[in-house]
Number of protein chains: 2
Amino acid sequence: MTPYARRGVHGQTVEALAHRILGGEIPEGATLDLVALQGELDVSLTALRESLKVLAAKGMVDARQKRGTFVRARADWHLLDADVLRWQFEGGRTTEADRSLLRDLAEVRVTIEPAAVRLAAERRTDADLVALAAALEAMGQHDAGPAHAVEADLTFHRALLAATHNELLERMEMVIESGLAHRDRIVHSSPHSRDPVPAHRTVLDAVRDGDPSAAEAAMRALLDQAGRDLERIHGTDDTKGTGGT
Amino acid sequence: MTPYARRGVHGQTVEALAHRILGGEIPEGATLDLVALQGELDVSLTALRESLKVLAAKGMVDARQKRGTFVRARADWHLLDADVLRWQFEGGRTTEADRSLLRDLAEVRVTIEPAAVRLAAERRTDADLVALAAALEAMGQHDAGPAHAVEADLTFHRALLAATHNELLERMEMVIESGLAHRDRIVHSSPHSRDPVPAHRTVLDAVRDGDPSAAEAAMRALLDQAGRDLERIHGTDDTKGTGGT
DNA sequence: CTGTCAATATTTATTACTAATTTAGGAGAA
DNA sequence: TTCTCCTAAATTAGTAATAAATATTGACAG
């Protein structure tokens with residue numbers, strides 16, 4: 001499920017270290033005291049090193065002989081990595097950096113998704129359409145619980161990216177997913193939520209018709225509406241609002 | 001420099017494994033015979049495990065008890081990771097998958113960069129403008145060698161992403177970089193290459209003026225021209241062509 | 001002042017062993 | 001038969017101690 005093995009002591013060690021670094025507890029450029037951490041986290045040196053290897057693979061730390069193991073500059077973090085993205089949200093309560101990340105996330109969505117639907121409209125196969133229709137269907141089942149609806153929403157957007165038949169764009173799923181997940185944390189399943197299905201159906205129709213411009217317009221409308229809804233909730237701190245992307 | 005520690009025996013092991021998997025030598029879903037690999041690569045079991053940890057962090061393998069360590073489905077690979085991207089090109093000669101990846105890369109650029117310059121035009125600081133101007137300056141020095149020109153080109157586009165002040169978009173650099181690097185391998189520094197500076201200057205001017213629409217248009221023109229040039233070279237296999245993005 | 005060489009400290013890699021876990025498969029019950 | 005639970009084997013996960021490699025530092029010679 002998760003990209004790296006999250007099982008066992010090792011996984012916990014990775015998470016603990018990641019949270020410390022992403023939370024700023026261990027600042028950029030700091031050299032880690034391996035022995036101290038070893039005792040602190042209660043793991044062996046080998047386990048600690050394997051954990052650091054995972055973080056190194058994500059550009060967060062670098063271990064060099066003599067100089068020691070140190071935290072790399074934030075500019076080197078693989079912020080597009082699914083784990084790094086998740087850790088940032090898990091880390092702490094809503095901070096300033098958190099808010100900034102959220103803005104960035106939204107901007108990426110607005111960048112990627114309209115372009116993606118254009119390609120999807122041009123390349124979608126019948127199988128893609130089936131997947132999209134199924135996701136839309138699932139979104140319509142309001143009685144299956146809020147978690148179900150969110151999952152269906154995500155599935156729809158994932159299917160959309162898959163329909164581009166561009167492997168790289170498909171991987172942007174991680175970003176879209178993070179954005180959606182957090183959005184959901186704010187807009188926690190209000191009973192008065194606006195029905196997200198119609199807007200999504202408009203997108204699907206355009207994709208089915210192979211009309212890139214209409215698809216893009218529909219997607220922009222969808223994102224724009226979601227953004228305004230979110231803003232409204234944020235501003236008034238009122239729990240009524242949107243129910244979907 | 002590289003995200004994971006590439007030094008020593010360990011780095012080599014990671015690369016070797018990565019190439020085997022990305023090259024299809026070890027197919028998706030295959031379970032790895034750790035002991036066999038250990039002897040084959042001539043490393044200890046621990047070192048092998050640490051290498052696999054790096055690959056696990058990039059979504060390429062998963063190690064589960066009893067079931068063994070196996071190659072994950074390609075859909076799980078972190079294709080947006082700089083290393084994974086690089087390994088794919090390093091792996092083998094120009095294959096069909098390679099060509100497909102190249103197309104995907106180009107599409108991502110066309111998606112990201114026009115949107116990025118819009119943001120850059122709105123948010124660029126004076127420092128950003130200085131960096132952009134410096135990169136443009138460097139591009140103009142035709143006598144400094146082809147490698148220098150390519151590096152300057154890259155620097156320009158990197159500075160552009162930085163000017164968006166969106167950390168996530170900034171990380172897309174990896175993708176842009178891969179695209180540029182490979183483009184360069186095809187368009188190997190023709191002496192008759194078209195001067196890339198004017199098109200880039202148009203972009204810079206629009207960004208300086210804070211005109212998002214003009215900036216986007218200029219970037220689209222730039223990408224479009226580069227794409228057509230590349231296509232022409234590809235089609236006619238003629239070495240004359242573009243000299244910049 | 002500069003470059004080479006060696007001392008030194010610290011990480012990386014090896015070896016060998018133990019522990020934890022998970023799934024396959026069988027036993028027994030419904 | 002089929003489902004559940006339990007046992008057992010297989011394999012990764014983790015520990016610890018040691019050896020090797022390598023980068024930094026300082027000293028010394030050119």
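Protein chains get the first letters and strands the later ones, always in sequence-line order, with residue 1 at the start of each. Keep in mind it's a predicted model, so treat the numbers as computed, not measured.
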*Side chains of A/Leu161 and A/Asn166: does their closest heavy-atom pair fall under 4.5 Å?*
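They are not in side-chain contact.
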
When you compare the protein's N or O atoms with those of nucleotides 8-11 of chain C, which come within less than 3.5 Å of each other, and at what distance?
residue, atom, partner, partner atom, Å
C/dA9, O4', A/Lys66, NZ, 3.4
C/dT11, O2, A/Gln65, NE2, 3.3

Whole-Å gap separating [atom2] ([N]) and [atom1] ([X]):
X	N	atom1	atom2	answer
B/Phe70	D/dT11	CZ	P	14 Å
A/Gln12	D/dA13	CD	C1'	12 Å
A/Leu41	D/dG14	CG	C1'	14 Å
B/Glu50	C/dT12	CD	C1'	8 Å
B/Leu45	C/dT12	CG	P	19 Å
A/Asp42	D/dA16	CG	C1'	14 Å
B/Leu48	D/dA13	CG	P	11 Å

At their closest point, which heavy atom of [X] faces which heavy atom of [Y], and how far apart are they?
X	Y	result
B/Ser51	B/Leu17	CB-CD1, 4.2 Å
B/Thr111	A/Ala115	CG2-CB, 3.4 Å
A/Lys58	B/Ala57	NZ-O, 2.6 Å
A/Met174	A/Leu80	CB-O, 4.5 Å
A/Phe70	A/Gly29	CB-O, 4.1 Å

*Salt-bridge contact A/Glu28-A/Arg74 (side-chain N to carboxylate O under 4.0 Å)*: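 Judged by the 4.0 Å cut-off on N to carboxylate O distance, A/Glu28 and A/Arg74 do not form a salt bridge.
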
*Please give the angle, rounded to 10 degrees, between the axes at the start and the end of the helix from C/dC1-D/dG30 to C/dA30-D/dT1, where five pairs define each axis.*
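Between the axes fitted at each end of the helix from C/dC1-D/dG30 to C/dA30-D/dT1 lies an angle of 30°.
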
*asked:* Quick check for you: to the nearest 0.5 Å, what is the distance between B/Leu102 atom CG and B/Glu107 atom CD?
replied: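 Atom-to-atom, B/Leu102:CG and B/Glu107:CD are 11.0 Å apart.
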
